[in-house]
Amino acid sequence: MGELSRRTVLRAGAMATAATTLGAGPASAADIGVSADAFPLSAVTLLPGPFQANTSRTHSYLLFINPDRLLHTFRLNYGLPSSATPCGGWESPTTELRGHSTGHLLTALAQAYASTGRAEFKSKGDYLVAELAKCQARASSPGYLSAFPESFIDRVEARQPVWAPYYTLHKIMAGLLDMHTLAGNAQALTVLTGMAAWAKRRNDRLTLTQRQNMLDTEFGGMNEVLANLYQLTGNPEHLAGARHFDHAEIFDPLAANQDRLNGYHANTQIPKAIGAIREFHATGETRYRDIAVNFWNIVTRDHTYVIGGNSNGEYFKAPRRIASELSDTTCECCNSYNMLKLTRQLFRTNPQVSYVDYYERALYNHILGAQNPQSAHGFHCYYVPLRPGGIKTYSNDYDNFTCCHGTGMESNTKYADSIYFFSGTTLYVNLFIASELRWPGRGIAVRQETRFPESPSTRLTFTGSGQTALKLRIPSWTSGARIRVNGTNQNVPVTPGTFATINRTWTSGDALELDLPMVLNREVTPDDGSVQAVKYGPIVLSGAYGTTNLSTMPTLNPASIRTTSTPLRFTATASTGPVNLLPFYTMHGQRYTVYWRIGSAAP
C-alpha cells in the first residue's frame, strides 16, 4: 500500500475517537438498517432433495472426524502432550495456515446442532472449545489462541513473508462465536472475548500507517467477527477492534464506486465487504453500506462467471473478462461461500429480488455442485474448472484441509438459512427448496414441497392460522408465472424480478401453488459474443464429455438442442458430434464444457 492520504488518516482518526466514546450499550443490540431477517436454523427443516442429501453427507463427516487430530498442533504450540496422528494438507504441523479448519469445524458443528438438535454435534463442539480453552490458558500473551506461535503476527507487522495468520484467527473466532450463539456454549464466548482483547492490544500499539500496511496480508473477516461480537456484547472495544481492520486501500475506491479489483486476490477482498456491511449494521454509517453494495454490484456484474463464481487462479482479473479467463483454476469455492454471506446481509438490508436471483445462481450452479455425491463424507472442490475439458476434483478425510474443504463443511450445514425471511408478519419465500418452516412465536408452519428445478413449481401448505403477507419471489428468468390458492388463480402482479404478494389470513390446510415456467436461454460472455453458456431457467447446462480432454472449445448448434424424457436433460449437436447436456450441479466424474463457441448467425 502506498502513502496514506490525509483524508484517510483523518477519517480513521475520527472513527477511532467515535469508537472510544460509545457507551457500552445493551447486549445483543439490534442491527441498524435491517428491513427483513432470516429465521434461525432451528426453525427450518430440509425435506428430501439434493440439499438434504448434501447436508447428510457432511453431517456424516462431522461425526466421523477425530477432534484430537485437529487439536494436535494447538496442543503442541502450548507445550501440551498429544499422541494424535497429525493431519495432512493445510493442517500439517509445518503448514503456516494450520488451525483454520478447527474454526470451520466449530461453525459446522454449531450449525448442524442448531438445525437438528442432535447432541452428538454439540458435544463434539463443546469438547473442542474446552480443549482450546486449556491451550489459551497457557498463552504468554493473555487471550492469544492459535496452532502457530505469536511470532507469525510479528512477521505480519514487520511485513515479512507469512501465510495469513489473521485469516486463521478469524476462522477460530467465528467458530467460537457460532458455538456460543447457535449451540449455547458459554465458555466459547469467554475464549472469544479473550482473543478479541488480545487482537485489539496488538493493533492499538501500531500506528495507523503500520496497521494499514499490515492489512496487505490476507486477514479473512476479522472486521466481521469483531463487529458481530460488538453487536452481541455491546462492548465498544470490539467495535474499535473491528475498525482496526478497515482496509483503506480497498475501501476507499469502493466507497467511490470505483472498480480497482484487477490483480487482487479475490477471496481476500470478499470478507472485507462482509465486514463492511456488518459494521454498517453496528453503526449506521452509510459509507460502510455503500462499500458493501458497490462491491457486490461490481463483482456480480463484471467479474462473475455463469455459475455465479468468480476469480481465475484465485485473482480478480480485468472487468468483464470471462471468455478469456477460462482455466482449471476458475471459481474458487470459498469465494462463492463468502459472496453468499455478503448477499444474505445485503438482502437483510434491502430485500430485493436481484440479490436472491444471484444467491440462487451461485447456490445451485456452484455450491450445490461442488460436493462429490459419490463421497459418503461430502468431499468438496477447491476450484471448479470452467475451461473446455475441465473436471471437478475433491478433498478427502485428513490429507487436504484446504480453505474450501472448510467452507464446504459450513455451506453444507446451512442450506436452510436463506430460504425464508420475515419482517413482522410478512413472509418472504426466496428459494424453492423442499423444506418446512415453523414460525417461532406464531404457531404457524409452512411446508414447501417441490422438486425444483426438475419441476418448475412449488407448493406451500399452511398449518395454523394468522394474517400473513406472503411475498413470493418471481425470478427474473421466468415469464408467465401463475399463483393459485386452494386451486383458485390469484389476480396479482407476477412481474419477473419482483415479489408477488398474497396478503390474507391463512388457515390450516390452505395451499398455495406457484408455477415458474423455465425456458432455454444463453448467457453471452462480455468479452466475446461468440462464447456463450446454455441455461434452462437459472440452471447452467454443461456438455458431458466423459474421458475426452478437450483441447479447444466446441462449437454448439443451439438449434439442435432437444429435450429428453428426463427432466433437465437435453441432447444437442456440437462440432465434436452428438452431446448430452446435463445440469452442471450434477456433473461429476467426467469431463465437461460449460462455455461453447456459437456462431454469430445462431438464433
Side-chain angles (χ1 to χ4, degrees), residues 34-39 43-44 47 49 343 346-361 363-364 418-439 441-521 535-539 563 567-568:
V34 169
S35 298
D37 225 328
F39 291 92
V44 182
L47 301 177
T343 303
L346 294 178
F347 184 86
R348 294 180 69 224
T349 312
N350 179 16
Q352 58 184 26
V353 165
S354 60
Y355 288 131
V356 190
D357 280 353
Y358 168 76
Y359 198 102
E360 177 182 68
R361 169 192 289 239
L363 184 69
Y364 276 89
S418 295
I419 302 172
Y420 310 100
F421 271 66
F422 72 97
S423 178
T425 59
T426 296
L427 175 63
Y428 292 85
V429 179
N430 290 338
L431 298 170
F432 313 118
I433 294 175
S435 55
E436 184 169 16
L437 165 68
R438 297 169 305 283
W439 197 328
R442 293 204 69 198
I444 292 174
V446 181
R447 184 179 180 89
Q448 182 173 187
E449 296 171 293
T450 182
R451 293 179 61 246
F452 181 88
E454 292 191 354
S455 177
S457 64
T458 191
R459 177 184 176 90
L460 305 171
T461 304
F462 284 75
T463 301
S465 62
Q467 184 277 329
T468 298
L470 189 63
K471 288 188 171 291
L472 304 161
R473 179 174 64 102
I474 308 300
S476 58
W477 47 258
T478 195
S479 62
R482 188 172 63 165
I483 301 171
R484 296 180 300 280
V485 175
N486 299 331
T488 302
N489 288 331
Q490 301 298 295
N491 185 23
V492 298
V494 287
T495 306
T498 69
F499 284 99
T501 303
I502 305 290
N503 192 347
R504 58 177 276 154
T505 298
W506 302 86
T507 60
S508 288
D510 281 347
L512 180 146
E513 296 169 285
L514 173 63
D515 295 331
L516 297 164
M518 297 163 65
V519 297
L520 285 166
N521 60 96
K535 299 189 295 180
Y536 187 65
I539 304 302
T563 60
L568 295 180

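Bear in mind the structure is a predicted one, so any value in this text is a computation, not a measurement.
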Hey, does Pro453 have a side-chain heavy atom less than 4.5 Å from the side chain of Leu568?
-> yes
Distance in Å, Thr450 OG1 paired with Leu47 CG, rounded so as to fall on 0.5 Å steps | 10.5 Å
Go through Asp357 and Arg473 one step at a time and tell me if the side chain to side chain contact (heavy atoms under 4.5 Å, CB included) criterion holds.
-> CA-CA 9 Å; Asp357 280 353; Arg473 179 174 64 102; 2.6 Å; yes
Heavy-atom closest contact (Ser479 atom, Pro517 atom, distance) = O-CG, 3.3 Å
By side-chain hydrogen bond (donor to acceptor under 3.5 Å, both in side chains) - contacts of Glu454 (at least two apart) | Arg451
Go through the structure and list residues passing side-chain hydrogen bond (donor to acceptor under 3.5 Å, both in side chains) with Trp477, not counting sequence neighbours.
-> Glu360
Please confirm whether the backbone N or O of Val519 pairs with a side-chain atom of Asn521, one donor and one acceptor, at under 3.5 Å?
-> yes
Apply side chain to side chain contact (heavy atoms under 4.5 Å, CB included) to the pair Leu472 and Leu512, showing each step before the final yes or no.
-> CA-CA 10 Å; Leu472 304 161; Leu512 180 146; 3.8 Å; yes
Answer yes or no: is there a side-chain heavy-atom contact under 4.5 Å between Val356 and Leu431?
-> yes
Nearest non-hydrogen partners of Ser465 and Thr507, listed with the distance = CB-CA, 4.0 Å
Pairs satisfying ring-ring contact (aromatic ring centres under 6.0 Å, His included), at least one member in residues 453-472, at least two apart | Phe462-Trp506
Could you name each residue pair satisfying salt bridge (Lys or Arg N to Asp or Glu O under 4.0 Å) that touches residues 474-500, not counting sequence neighbours?
-> Arg482-Asp515, Arg484-Glu513, Arg484-Asp515
Between CZ on residue Phe39 and CH2 on residue Trp439, distance to nearest 0.5 Å = 5.0 Å
Does the ring center of Phe452 lie less than 6.0 Å from the ring center of Phe432?
-> yes
Could you give me the CA-CA distance, side-chain angles and deciding distance for Leu470 and Val446, then say whether side chain to side chain contact (heavy atoms under 4.5 Å, CB included) is met?
-> CA-CA 11 Å; Leu470 189 63; Val446 181; 6.0 Å; no
One should read off an interatomic distance between Glu449 CD and Ser455 OG, to the nearest 0.5 angstrom, of 12.5 Å
Side chains of Gln352 and Ser354: do they bring a donor and an acceptor to under 3.5 Å?
-> yes
Decide if the gap between the ring center of Phe347 and the ring center of Tyr428 is smaller than 6.0 angstrom.
-> yes
Which pair of heavy atoms, one from Leu427 and one from Thr468, lies closest together, and at what distance?
-> CB-CG2, 3.9 Å
Count the heavy atoms of every other residue, nucleotide or ligand shown that sit under 6.0 Å from CG of Asn491, and state whether that count exceeds 12.
-> no
About how many Å separate OG1 of Thr343 and OH of Tyr358, when rounded to the nearest 0.5 Å?
-> 5.5 Å
So the salt bridge (Lys or Arg N to Asp or Glu O under 4.0 Å) pairs with at least one residue in residues 488-512 (sequence neighbours excluded) are Arg504-Asp510
Heavy atoms of Val494 and Ala481 approach each other most closely as CG2-O, 3.4 Å
Please examine the side chains of Leu437 and Ile444, heavy atoms only from C-beta on, and report whether any two atoms are closer than 4.5 Å.
-> no
Rounded to the nearest 0.5 Å, what's the gap from OG1 on Thr463 to CZ on Arg447? Could you check?
-> 9.0 Å
Gln448 vs Ser435 side-chain heavy atoms within contact, under 4.5 Å = yes
Evaluate the side-chain proximity of Tyr364 to Ile433: yes if any heavy-atom separation is below 4.5 Å, no if none is.
-> yes
Just grab all the salt bridge (Lys or Arg N to Asp or Glu O under 4.0 Å) pairs involving residues 419-428, residues at least two apart or on different chains.
-> none
Correct closest heavy-atom pair for Leu516 and Pro475 would be CD2-CD, 3.6 Å
If we only count heavy atoms from C-beta on, is the Pro351 to Phe421 side-chain gap below 4.5 Å?
-> no
In sequence, state the C-alpha distance, the side-chain angles, and the governing distance for Lys471 and Asn430, and then conclude on side chain to side chain contact (heavy atoms under 4.5 Å, CB included).
-> CA-CA 8 Å; Lys471 288 188 171 291; Asn430 290 338; over 6 Å; no
Heavy atoms only: give me the nearest Ser35-Thr349 pair and the separation to one decimal.
-> OG-O, 3.3 Å
